[in-house]
Amino acid sequence: MSQIEAKLKEYRALRKRQQFIDNIKQKLDNSKDKLINFLVPKSVEMDKKEEEVILLECEEHPTNNSSKLLLEDIVDVTSETSEVEYEENQETWRYCVLKWSIYGVIWLTLYIIFLNLQFGAVFFVISVLVGICLNTSTKPKKKGEISAYSVFNKNCKSIDGTLKAEQFEKEIRYGAGTVRSF
């Protein structure tokens with residue numbers, strides 16, 4: 001009888017330990033979700049819901065089996081691809097916020113440690129220089145991405161918000177109201 005009681009006690013201990021582990025995992029997942037929901041703006045989540053509504057409306061339209069593409073079919077295809085891109089950006093956004101939050105906490109902790117060692121200014125200057133070096137991109141451009149320098153773009157096309165010499169000259173001669181801002 002004592003052998004059965006020992007096995008039963010062992011089984012109960014294992015079961016209790018497994019429930020404890022599952023409970024801890026559940027709490028970690030909940031706290032991670034709460035942190036992400038706190039850090040991610042509500043507007044991003046609202047945009048996702050709006051796109052889901054648009055996708056549901058597009059799915060209600062019947063598609064034509066003829067060889068000609070209808071405008072509705074094109075809208076369906078573009079909205080599906082934008083949904084996939086949006087989901088990728090959403091994951092990237094959450095990952096980015098979480099990653100930079102962790103980097104910030106680590107940097108702040110190190111800064112406080114160096115302040116106590118009276119090397120706070122040195123740490124700050126070195127971290128600024130490292131930040132500048134890490135944020136200067138030397139990667140090749142993505143397909144379709146235009147450069148901030150118009151001479152490197154096709155037809156010397158400039159990005160929005162660039163003050164061009166022609167625009168500046170019009171503003172000087174005729175006033176700021178003559179130049180369209182959009």
(message) Evaluate Leu14 against Gln18 for side chain to side chain contact (heavy atoms under 4.5 Å, CB included), listing each step before the verdict.
(response) CA-CA 6 Å; Leu14 286 173; Gln18 186 63 36; over 6 Å; no
(request) Please step through side-chain hydrogen bond (donor to acceptor under 3.5 Å, both in side chains) for the pair Asp22 and Gln26, ending with a clear verdict. (result) CA-CA 6 Å; Asp22 291 342; Gln26 182 75 23; over 6 Å; no
(message) Could you go through Tyr95 and Trp100, starting from their C-alpha distance and side-chain angles, then the distance that decides it, and tell me whether this counts as side chain to side chain contact (heavy atoms under 4.5 Å, CB included)?
(response) CA-CA 9 Å; Tyr95 172 74; Trp100 285 105; over 6 Å; no
(request) Take Glu169 and Arg173, measure what salt bridge (Lys or Arg N to Asp or Glu O under 4.0 Å) needs, and give me the verdict at the end. (result) CA-CA 6 Å; Glu169 185 178 344; Arg173 287 187 183 192; 3.2 Å; yes
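Atom CG of Leu8 and atom OG of Ser2 lie 12.5 Å apart (nearest 0.5 Å). Distance check: Ile24 CD1 to Asp29 CG gives 11.5 Å after rounding to the nearest 0.5 Å. Taking CD of Gln19 as the reference point, atom CZ of Arg12 lies at 12.0 Å (rounded to 0.5 Å).
The neighbour count for Lys25 NZ, taken as heavy atoms of other residues, nucleotides or ligands under 6.0 Å away, does not exceed 12.
Note on Ile126: it clusters hydrophobically with Leu134, by side-chain heavy-atom contacts below 4.5 Å among ILVMFWY residues. The hydrophobic cluster containing Ile102 also contains Val130, counting ILVMFWY residues as joined when their side-chain heavy atoms lie under 4.5 angstrom apart, directly or transitively. Hydrophobic clustering (side-chain heavy atoms under 4.5 Å, transitive across Ile, Leu, Val, Met, Phe, Trp, Tyr) keeps Val125 apart from Ile106.
Side chain of Asn135 to backbone of Gly131: a donor-acceptor contact under 3.5 angstrom is found.
Every residue was checked against the side-chain hydrogen bond (donor to acceptor under 3.5 Å, both in side chains) condition with Arg17, not counting sequence neighbours, and none meets it.
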For residues 110-123, which side-chain N or O atoms pair as donor and acceptor with protein atoms under 3.5 Å away, sequence neighbours left out?
none

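Side-chain atoms of Phe20 and Lys16, non-hydrogen and from C-beta on, never get closer than 4.5 Å to each other.
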